[in-house]
Undergrad: 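Supplied in structure tokens, the structure appears directly below.
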Amino acid sequence: MELMAQGRTAEIYDYADGLIFKLYRTGFSAEAVRNEFRITQWGYEKGLPVPRTVKRMDYATRTGIVFERFEGTTLLSLIMRQPELLETLSSNMAAYHAKLHTVQDEGNTLPSQKEILKNAILRVSSLSEVERARLIHYLSELPEHRVICHGDYHPDNVMLSKDGRQHCVIDWMTGMAGDPAGDVARTWVILKCGKLPDDTADSVREGFEQARSYILQHYITHYIEFSGITDEQIDVWKLPVAAARLDEGLSASETEHLIQFVRDRLRTLDETI
């Protein structure tokens with residue numbers, strides 16, 4: 001098999017005509033692989049713009065998923081290649097996200113957003129027990145919804161076909177049901193302080209650093225326009241989402257940035273009481 005791409009959690013191989021093989025790295029959670037297969041399959045059956053799952057498959061000591069190939073390019077790559085399209089592509093990203101958020105998980109098929117965030121926060125050792133308890137209480141008071149949420153929606157997880165007529169949202173291992181405002185808050189946190197994979201070309205890394213604030217600005221503005229959700233509704237989710245992201249084995253610089261953000265927000269809550 002020919003290696004096509006790789007990231008922190010998996011490698012992507014050319015498997016056969018019209019198919020790719022996503023092979024997860026050694027030691028990666030088998031439950032997360034099963035979740036991605038199940039949730040992507042569910043989304044495909046719902047008619048969502050997701051890749052068709054073919055099968056789960058082991059390879060040596062590792063496991064992976066065979067997907068139908070989507071011929072296209074990620075929005076991140078397109079933005080880096082054609083920066084003049086930044087606003088248009090950021091608007092597209094917002095429109096696709098808002099469209100996902102019109103689908104309800106009526107059968108309670110997907111994991112709960114609040115449970116996922118709660119469990120992640122409880123595992124964050126860089127926060128004190130008191131801070132974790134406060135975050136869990138804060139999270140419990142946020143709105144309850146059962147809308148489909150991606151859980152890791154950003155421009156490198158959205159692909160556009162060559163003719164621009166179709167798009168595909170990939171990497172559904174974090175799929176969940178919850179409040180769409182919380183899903184948008186996750187995107188905000190990623191775009192605000194996320195780091196690109198280590199093997200990213202220097203030119204792409206530099207371009208992203210220059211463009212990230214503009215991508216974020218246009219994405220949020222257009223998402224609010226398309227969805228009717230307010231900036232205030234999104235903002236209240238940033239604190240628990242940022243805290244939960246600390247459970248993801250981030251770089252030292254991103255971890256430090258997020259801890260400072262979380263503690264600043266907690267301090268602001270104290271001042272408003």
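Everything quoted here is computed from the prediction, not taken from an experiment.
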Undergrad: Run the salt-bridge test on Arg62 and Glu11 with the 4.0 Å N-O cut-off and return the result as yes or no.
TA: yes
Undergrad: Is it true that Val147 and Trp42 fall in one hydrophobic cluster, defined by side-chain heavy atoms closer than 4.5 Å?
TA: no
Undergrad: My understanding is that a hydrophobic cluster links ILVMFWY residues whose side chain heavy atoms are under 4.5 Å apart, including indirect links. Using that, what else belongs to the cluster containing Phe37?
TA: Met4, Ile12, Ile20, Tyr24, Phe28, Val33, Ile65, Phe67, Met173
Undergrad: Kindly determine whether Asn157 and Asp152 satisfy side-chain contact (heavy atoms from CB on, under 4.5 Å), including the steps that lead there.
TA: CA-CA 8 Å; Asn157 275 343; Asp152 197 29; 3.6 Å; yes
Undergrad: Regarding Asp183 and His97, is there a side-chain donor-to-acceptor distance under 3.5 Å anywhere?
TA: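 Short answer, yes.
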Undergrad: Before you tell me yes or no, could you show the steps for Asp14 and Arg69 under salt bridge (charged side-chain N to carboxylate O under 4.0 Å, His left out), namely the whole-Å CA-CA distance, both residues' side-chain angles and the distance that decides it to 0.1 Å?
TA: CA-CA 9 Å; Asp14 184 5; Arg69 183 198 298 267; 2.6 Å; yes
Undergrad: Check whether any side-chain N or O of Thr102 sits under 3.5 Å from a backbone N or O of Lys99 as a donor-acceptor pair, and report yes or no.
TA: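 Confirmed, Thr102 side chain pairs with Lys99 backbone.
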Undergrad: Stepwise, does the salt bridge (charged side-chain N to carboxylate O under 4.0 Å, His left out) test hold for Asp171 with Lys22?
TA: CA-CA 10 Å; Asp171 287 355; Lys22 182 175 183 178; 2.6 Å; yes
Undergrad: If only atom types and distance count, is the side chain of Gln233 paired as donor or acceptor with the main-chain N or O of Thr230 below 3.5 Å?
TA: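 Yes.
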Undergrad: Indicate yes or no for a side-chain donor-acceptor contact from Glu254 to the backbone of Ser251 under 3.5 Å, with no hydrogens or angles considered.
TA: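 Checked: no pair found.
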Undergrad: With side-chain contact (heavy atoms from CB on, under 4.5 Å) as the test, would you mind laying out the steps for Leu266 and Tyr138 before giving the verdict?
TA: CA-CA 10 Å; Leu266 288 174; Tyr138 178 93; over 6 Å; no
Undergrad: Do His101 and Tyr153 have ring centres separated by under 6.0 Å?
TA: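 No, ring centres 6.0 Å or more apart.
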Undergrad: Does the distance from a Lys or Arg side-chain N to an Asp or Glu carboxylate O, for Arg38 and Glu36, drop under 4.0 Å?
TA: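 Salt bridge between Arg38 and Glu36, a charged N being under 4.0 Å from a carboxylate O: no.
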Undergrad: Hydrophobic clustering (ILVMFWY, side-chain heavy atoms < 4.5 Å, transitive) - are Ile190 and Leu216 grouped together?
TA: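 Per the 4.5 Å side-chain linkage, Leu216 and Ile190 are not co-clustered.
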Undergrad: Run Arg146 and Glu106 through salt bridge (charged side-chain N to carboxylate O under 4.0 Å, His left out) and show every step you take.
TA: CA-CA 7 Å; Arg146 293 294 301 179; Glu106 296 172 348; over 6 Å; no
Undergrad: Is Val130 reachable from Val124 through a run of I, L, V, M, F, W or Y residues, each pair having side-chain heavy atoms under 4.5 Å apart?
TA: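 Unlinked, Val124 and Val130 end up in two clusters.
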Undergrad: When clusters are formed from ILVMFWY side-chain contacts under 4.5 Å, directly or step by step, what else is grouped with Met176?
TA: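 Members besides Met176, by chain and number: Ile116.
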Undergrad: The criterion is salt bridge (charged side-chain N to carboxylate O under 4.0 Å, His left out); which residues satisfy it with Glu68, sequence neighbours excluded?
TA: Arg52
Undergrad: Are any of the side-chain heavy atoms of Thr187 and Met93 separated by less than 4.5 Å?
TA: yes
Undergrad: Taking CD in Glu256 as the centre, count heavy atoms belonging to other residues, nucleotides or ligands within less than 6.0 Å. Is the count above 12?
TA: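 Not buried by this count: 12 neighbours or fewer within 6.0 Å.
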Undergrad: Test salt bridge (charged side-chain N to carboxylate O under 4.0 Å, His left out) on Glu248 and Arg245; report intermediate values, then the result.
TA: CA-CA 6 Å; Glu248 297 175 28; Arg245 185 161 166 77; 3.0 Å; yes
Undergrad: Closer than 3.5 angstrom, by distance alone: can the side chain of Tyr96 be matched with the main-chain N or O of Ser91 as a donor-acceptor pair?
TA: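 Side chain of Tyr96 to backbone of Ser91: no pair is present.
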Undergrad: Which residues pass the side chain to side chain donor-acceptor pair (under 3.5 Å) test with His150, sequence neighbours left out?
TA: none
Undergrad: Tell me if a side-chain donor or acceptor on Arg25 pairs with a main-chain N or O of Gly7 at a distance below 3.5 Å.
TA: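 It does hold such a pair.
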Undergrad: Taking Leu191 as the starting point, is it possible to reach Phe226 by hopping between hydrophobic residues whose side chains are less than 4.5 Å apart?
TA: no
Undergrad: Ile224 versus Ile229: any side-chain heavy-atom pair under 4.5 Å?
TA: no
Undergrad: Is Lys238 salt-bridged to Asp235, cutoff N-O under 4.0 Å?
TA: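 Yes.
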Undergrad: Name the orientation class of the two ring planes belonging to Tyr59 and Phe21 (parallel below 30°, tilted from 30 to 60°, perpendicular beyond 60°).
TA: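 Perpendicular: the ring planes of Tyr59 and Phe21 meet at over 60°.
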Undergrad: Can you give the donor-acceptor pairs under 3.5 Å from side chains of residues 75-90 to other protein atoms, not counting sequence neighbours?
TA:
| unit_1 | atom_1 | unit_2 | atom_2 | d |
| --- | --- | --- | --- | --- |
| Ser77 | OG | Thr74 | OG1 | 3.0 |
| Ser90 | OG | Leu86 | O | 2.8 |

Undergrad: What do the steps show when you test Ile148 against Gln104 for side-chain contact (heavy atoms from CB on, under 4.5 Å), and what is the final call?
TA: CA-CA 6 Å; Ile148 185 170; Gln104 296 281 339; over 6 Å; no
Undergrad: Could you check whether any side-chain N or O of Thr53 sits under 3.5 Å from a backbone N or O of Lys55, counting only pairs where one atom can act as donor and the other as acceptor?
TA: no
Undergrad: Are Val169 and Ile215 joined in one hydrophobic group, where the rule is that I, L, V, M, F, W and Y side chains link up if heavy atoms are under 4.5 Å apart?
TA: yes
Undergrad: Going by side-chain heavy atoms closer than 4.5 Å, which hydrophobic residues are tied to Ile170, directly or by a chain of links?
TA: Phe70, Met159
Undergrad: If only atom types and distance count, is the side chain of Asn35 paired as donor or acceptor with the main-chain N or O of Thr174 below 3.5 Å?
TA: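 A pair under 3.5 Å: no.
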Undergrad: Can you name the one residue among Lys118, Arg132, Arg123 that meets salt bridge (Lys or Arg N to Asp or Glu O under 4.0 Å) with Asp247?
TA: Arg123
Undergrad: Write down the atom of Tyr223, the atom of Ala94, and the distance for their closest heavy-atom approach.
TA: N-CB, 3.4 Å
